[in-house]
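Shown next, in structure tokens, is the structure this report addresses.
Predicted, not measured: the structure shown is a model, and the values here were computed from it. Letters A, B, ... mirror the listed sequences (proteins, then strands); counts begin at 1.
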Amino acid sequence: MSKKVRVRFAPSPTGGLHLGGVRTVLYNYLFARRHGGDFILRIEDTDQGRYVPGAEEYIIESLRWCGLEPDEGPHKGGAYGPYRQSERKARGIYEKYARQLVEHGHAYYAFDTPEELEAMREKYKTADNPSPQYNHTLRKKMRNSLQLDPAETQRLLADGTPYVIRIKLEPDEEVTFTDMIRGEVTFSTTGVDDKVLLKADGMPTYHLAVVVDDHLMEISHAFRGEEWLPSAPVHILLWRYLFGEDKMPQWAHLPLILKPDGNGKLSKRDGDRLGFPVFAMNWTDPRTGEPATGFRETGFLPQAFVNLLALLGWNDGSGQEIFTREELVAKFSMDRVHKGGAKFDFEKAKWFNHEWIKRLPASAYAPQVAALFAEKGIPIPAHDLLRPAETEIPLPPVTPLVPETITDISGAPLLDLAALEAGLIPPPPAPNRFERVLDLVKDRCTLLPEFIPQAAFFFQPPATIDLDAVKPKWNEAKGLFFAEFIQQLELAPNLVAHALEAEFKEMAAAKAIKPGELLMPLRIMLVGGKFGPHVFDIIALIGKDETIRRIRHTIQLLNFTP
RNA sequence: GCCGCGUUGGUCAAUCGGUUAAGACGCCUCCCUUUCACGGAGGAAUGAGGGGUUCGAUUCCCCUACGCGGUACCA
């Protein structure tokens, strides 16, 4: 009679969505899908002082970009709403449980002001104990319902004196639970303080809210960052007092993602300092105006982002590194998540992206890349975006890209060919000219913006031409050769890369010039520099008119500059 | 300080007591390529230290060191 798997991601809307946050989402998502369960988004906005407008929308949009959509959440609704804790508070949900705890002697009222607390910490601070806790000893010296006589407590309450409700922890109690990653973990209540459960403004703290909401939302498994481990005993005790420990979800405390150099949690600062993104998408803090770049805008594919995050702290033991989301769903298990934190390696992250760019058909990212070109003032002509069937201009064959070659590292096709043949999924569209260009150069692109320098010359003549690479070996014979080559091109009925190449080499042989002596100049005429795919594929794609124009143009430059 | 969690190459990591301690990223060398890449072949590089347990420890236990996290009316 195992209950249905229900997991949640519960961020507080205080800023951009951090790498570690996305990974927590991912593990939640994978676990839910793996077990046919639900994945819930819950907004923990109990600290009105830290609330940042727009952060919630940003989080939802980030999840959408990653393809990790919740089944329930503030934007989707669901049977367990509302999904914002501020709205749940308005319904008196948390207060009810806080009062119940007080009635049962597991919690108490505390009237201490922030100033009094500060004074207490100052007063009891010693070299041995730099941070005195509000606990079973010190609470005896504070203003709370445990010390005050009941009448006085009632009077303060009746007067509307601000108060909080604190959990009452007895010393020397062992609290043990089984973590899905770490196994059995034990704490003594002696080390933990009487945490505030309900704040003076009536809002619950995380400690109360997480327990109450996990219960009310019937959460079966609760995953969160390792930084929560020390407060786990409070949550266990709350479960014990409120709903019964047997009803408690199974916990898993995820290892931290560490900065690449040194140690410590990866922060936005580290990204700025070391030059890589830390957030999923661009984020500008509305209050400080401080911008932060995202993986999306840096040119990462969501497939790659999800893939690299999955492997940061988990692996299936097989050595496979490239996983589709479907494969991850099929293979993910919490007991293969590492205990230790992992340093983030941006070089490896880029490798994942490169792999995904290479493996995916260009149609998977052509729209984003087209947008990048447009931003750079190189709009892609509409006819280059038409499907071959929609245009009468035939596309020349270039280096073929067959779906069979799109495979993961084990050789299994990423494109489900069986499903394709059975007609279960629509066939990928025949690539248009733009996509052919991208397919031709994608081996050279690690990040999406790199398509611009690698492919711009297909859409406009090169801005600069590296004449210095040609001049030293340029002579009249070569000039004659190219003049003749232009004539041949003009006569050619259509351009086929390999036929062109054969013709070119025949002509070179007839003139007793080594083909290599001519290939580089030709490349520079077309591309502007010493890079790019096979020259004859380029000619086939830019067409003979443009090819002739560029050759003539460069020859002119060569003649006029000594 | 106290409490907790960690610790295999520079980084991600496999190993569930017996291995020449995988693989990947990065780096280096070579091959392929009349460019740049891609691809292929090879190379350098690892069990924090000390005690146990055991016929045998990277693996199990303890101690130390180091790192990290927590120690808020923040999450």
Could you write out each protein N or O paired with an N or O of nucleotides 73-75 of chain B at a distance under 3.5 Å?
unit_1, atom_1, unit_2, atom_2, d
B/rC73, OP2, A/Arg121, NH2, 3.4
B/rC73, OP2, A/Arg166, NH2, 3.2
B/rC73, O2, A/Ala200, N, 2.8
B/rC73, N4, A/Asp112, O, 2.9
B/rC74, OP2, A/Lys199, NZ, 2.9
B/rC74, O2', A/Asp47, OD2, 3.1
B/rC74, O2', A/Arg50, NE, 3.1
B/rC74, O2', A/Arg50, NH2, 3.1
B/rA75, OP1, A/Thr46, OG1, 2.8
B/rA75, OP1, A/Lys199, NZ, 2.7
B/rA75, OP2, A/Tyr206, N, 3.4
B/rA75, O3', A/Glu44, OE1, 3.4
B/rA75, O2', A/Ser12, OG, 3.1

List, with names and distances, any nitrogen or oxygen atoms from the protein found under 3.5 Å away from nitrogen or oxygen atoms belonging to nucleotides 5-7 of chain B.
unit_1, atom_1, unit_2, atom_2, d
B/rC5, O2', A/Arg182, NH1, 2.6
B/rC5, O2', A/Glu226, OE2, 3.1

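Checked against side-chain contact (heavy atoms from CB on, under 4.5 Å), A/Pro472 has no partners two or more places apart in sequence or in another chain. A search for side-chain contact (heavy atoms from CB on, under 4.5 Å) contacts involving A/Arg84 returns A/Ile43, A/Asp45, A/Glu56, A/Pro74, A/Ser86, A/Glu87, not counting sequence neighbours.
A cation-pi arrangement is absent between A/Lys471 and A/Trp474 under the rule of less than 6.0 angstrom and at most 45 degrees off the ring axis. Both the sub-6.0 Å distance and the 45° axial angle are satisfied by A/Arg166 relative to the ring of A/Tyr134.
Shown here for A/Lys478 and A/Leu518, the closest heavy-atom pair between the two residues is CG-CD2, 3.8 Å.
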Dot-bracket for RNA chain B, 5' to 3', counting Watson-Crick or G-U wobble pairs under 3.5 Å, with [ ] for crossing pairs and | for inter-strand pairs?
(((((((..(((.....[....))).(((((.......)))))....(((((..]....))))))))))))....
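For the pair A/Leu266 CG and B/rU11 C1', the interatomic distance rounds to 14 Å; values are reported in whole Å. Rounded to whole Å, atom C1' of B/rC36 lies 13 Å from atom CG of A/Asp466. Remark: P of B/rG9 and NZ of A/Lys348 are 15 Å apart, rounded to the nearest angstrom. In this structure, A/Asp193 places its CG atom 15 Å from P of B/rC3, rounding to the nearest Å. We find that NE2 of A/His253 is positioned 15 Å from C1' of B/rC68, with the value rounded to whole Å. Residue A/Leu256 contributes atom CG, which lies 12 Å from atom C1' of B/rG67 at whole-angstrom precision.
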Atom pairs and distances, donor-acceptor, side-chain atoms in residues 192-204 of chain A, under 3.5 Å, two or more places apart:
unit_1, atom_1, unit_2, atom_2, d
A/Asp193, OD1, A/Lys195, NZ, 2.8
A/Asp194, OD1, A/Arg139, NH1, 3.4
A/Asp194, OD1, A/Leu169, N, 3.1
A/Asp194, OD2, A/Tyr108, OH, 2.6
A/Asp194, OD2, A/Arg139, NH1, 2.7
A/Lys199, NZ, A/Thr46, O, 3.0
A/Asp201, OD1, A/Met203, N, 2.9
A/Asp201, OD2, A/Gln48, NE2, 2.8

